[in-house]
Each structure stands twice: as C-alpha cells, then as structure tokens.
Amino acid sequence: MTPQIQCTDLVRIYSTGGVEVQALQGLTLTVEQGEVTAVVGASGSGKSTLLSILSSHDTPTAGSATVAGHDLLTMSSRERTRYRRHTVGFVWQQAERNLLGPLTVTENIATSLAIAGTARRARRARSRELLDVLGIGDLGDRRPAELSGGQQQRAAIAVALANEPAVLFADEPTGELDEANSEHVFGALREVNRALGTTVLIVTHDEGVSRQVRRTVQIRDGRLSTETHREQRVGEDGEEQTHAREYAVLDRVGRLQLPEDYLRALALKDLVRLQLERDHVEVHPTATEEKPE
Ligand code: ADP
Ligand code: MG
C-alpha cells in the first residue's frame, strides 16, 4: 500500500528583504494510512511551514510531496481547490480561523458541508455524527464564545472533518489549553482516527504529545531527527503497560541524529567511538586520553 503522506527531501526557503530563511532543510516523512502521527519541535523549527505545504497553501522550494495519491507539486489550481475541499481537513493554529463567531457549532459544520457540496438533508445527520464522535453532542447550539478552549478545539475538529477528508492536519491544536483540556483534545483526535479511519497529522511544540499518540517524530532545524513509538501491551500481571522505542532517521548519506537525552546521559560529545557488531552498531563516549591527536 502506498503511504498516505510521503514527503521527500522537502526544502522551503523564504526570502524576505534579501534575507533567506531555510524553514525546511530536506525533510523526509512517511505516514501510513490510518496512522496518528505527531511532529514535535520548538518554535521556528518549520512545523507550520510543513503543514502549509501538505495542505497545499504553500509550495516547497525543492523536494516532493504526495498526500492521498495527489502530487502536491504538479496540481493545477483547480485541483488544489478540490484537494483542500475534499481530501484534507485543517485545524489552524489561529483559533479564530477555525470557527465563524456568529454561527453555532452546528451551523459552522453545516457551512463547511455546504461548501463541500453536501446535500441539505445529509448535513444534519453528518453534523450529529461528528458532534458525537468528538464528545460535544450537547453543544451544537452554542456559539464559539460560549465554549471553553478545549470545547472550541473539538468543535474546530468537527468542522475540519465535515467533508470526510482522508487526512486531518492540526497545527498546535492544544497550544492554548491546560493539561486536562489538552488530553481531551488529543483523546478526540484518537477517537476520530479510530471511529472514522482518518489519517491524522498533528504538529505541536508540546512534548507531552508523545504520551498521547503512538508515533511522535521530532523536528529540528527543518529536518526530522528522532522518533518515538509507543504501544500498549498487557503485562503478565494483567496490567496495561506502555512501551516506548526510540528511532532515528538515517539520511541517504548515512547521517543520523541521536536523541538529546541520550547525549546527556553518556556525555557524548564531539568524537564518539563506533563499533560495528554482527547485527548492530555501538556508539561509545571517547575518553580524553584515547582521542587521536
Ligand atoms: P513553527 O511552526 O515550527 O514555529 P514555522 O514553520 O512557522 O515554524 O517557521 C519556520 C521558520 O521559517 C522560522 O524561522 C520563521 O521565522 C520562518 N518563516 C515562516 N513563515 C515565513 C514567511 N512567510 N516569511 C519569512 N519567513 C518565514
Ligand atoms: Mg507554527
């Protein structure tokens, strides 16, 4: 099966007033259909740039990107419009971009459905289903200002899903929420994935996301560095346990970045000693006296 999202060596250079900023510096990411993935990184690491490209609001300077079978670099402007209306859903970082203030939540969803061309009769049933999946079934008649931050974000997700997108993108969906509300929103995104099968890609600076989704990818300087995969397993005592595994992306010329906490734990710095074993590679700190001249 071809991946639902595939970006290869994405580069995005912004030039403003003669100054060049490399927002993405050769980013490669694969997301399989039905996966929930979070990209985590500090402010300015290129997260919003990545989502702008994947949602076809921006084009990369170099590299390739396909989403749900659409090649984002060769689409005509008509295909772009169709793609944004039918293939992908978007929860924006700026909360006010997600919901129309004067309309109720149900009216917001209905508007999104109308733009996507859904028949009037089908709109009501689809609204109901979405409100229920997102756990805000009793809030359909409220306006955004009458909702808490977490409820607003869940309503925003409902609106983004109205047109039944194959892929949902969310930019900092918990940026302005406390921990309890953040958990509700991540829970809602997992439920959307489970109930509707939507592929979900979240970008956030919230490191806590790695406890909330199965796969977390770290972005640094416009490039992906390491990945954490978590899975729930039932232990011998019958208790559910969470297991995490760390991965690093190995680029085409063999470079990889070690997780920062690994570097700190062994004081790895400058020159490290590599040892090739039969089926793995060891990385050792180098004692000062054994460093070559
Ligand atoms: P993040 O979402 O991770 O905070 P962004 O993708 O917004 O990061 O930005 C990555 C880098 O690109 C930053 O250095 C930012 O200042 C720069 N950048 C983003 N958008 C623009 C733009 N439209 N013009 C110039 N520079 C930009
Ligand atoms: Mg951003």
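Whatever order the structure lists ligands and atoms in, that order sets their numbers, starting from 1.
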**Prompt:** Do Ser48 and ligand 1 have an N or O pair less than 3.5 Å apart?
**Reply:** yes
**Request:** Would you check if the side chain of Thr199 reaches a backbone N or O of Gly34 as a donor-acceptor pair within less than 3.5 Å?
**Result:** yes
**Complete:** Output field for angle at the Mg ion (ligand 2), Ser48.OG vs Gln93.OE1, rounded to 10°, should show 80°
**Request:** Counting heavy atoms only, name the option from Ile53, Thr16, Thr49, Leu24 that's nearest to atom 6 (O) of ligand 1.
**Result:** Thr49
**Item:** Pick from Gly222, Ser52, Gly44: the one approaching atom 11 (C) of ligand 1 most closely through a non-hydrogen atom
**Value:** Gly44
Residue, atom name and distance, where the atom is the protein heavy atom closest to [atom]:
atom                    : answer
atom 12 (O) of ligand 1 : Ala23 CB, 3.4 Å
atom 27 (C) of ligand 1 : Tyr14 CD1, 3.2 Å
atom 8 (O) of ligand 1  : Gly46 N, 3.2 Å

**Prompt:** With a 4.0 Å cut-off on heavy atoms, does Ala42 reach ligand 1?
**Reply:** yes
**Item:** Close approach of Gly41 to ligand 1, heavy atoms, under 4.0 angstrom
**Value:** no
**Message:** Less than 4.5 Å apart, side chain to side chain, heavy atoms only: is that true for Val213 and Ile202?
**Reply:** yes
**Message:** Is there a side-chain contact between Ser56 and Met75 in this structure, where contact means two heavy atoms from C-beta onward sitting under 4.5 Å apart?
**Reply:** yes
**Request:** Ignoring hydrogens and angles, state whether a donor on the side chain of Gln153 or Thr174 is under 3.5 Å from an acceptor on the partner side chain.
**Result:** no
**Heavy-atom protein neighbour under 4.0 angstrom from atom 16 (O) of ligand 1** = no
**Asked** CD of Glu179: more than 12 outside heavy atoms within 6.0 angstrom?
**Response** no
**Fill in**
From the list Leu54, Val31, Val200, Val67, side chain to side chain contact (heavy atoms under 4.5 Å, CB included) with Val167 holds only for Val67
**Complete:** Which of Ile157, Leu134, Val91 passes side chain to side chain contact (heavy atoms under 4.5 Å, CB included) with Leu189? Answer is Ile157
**Which atom of Arg126 lies closest to which atom of Leu161, heavy atoms considered** = NH2-O, 2.9 Å
**Message:** Heavy-atom distances under 4.0 Å decide this one: backbone, side chain, both or neither, for Val21 against ligand 1?
**Reply:** side chain
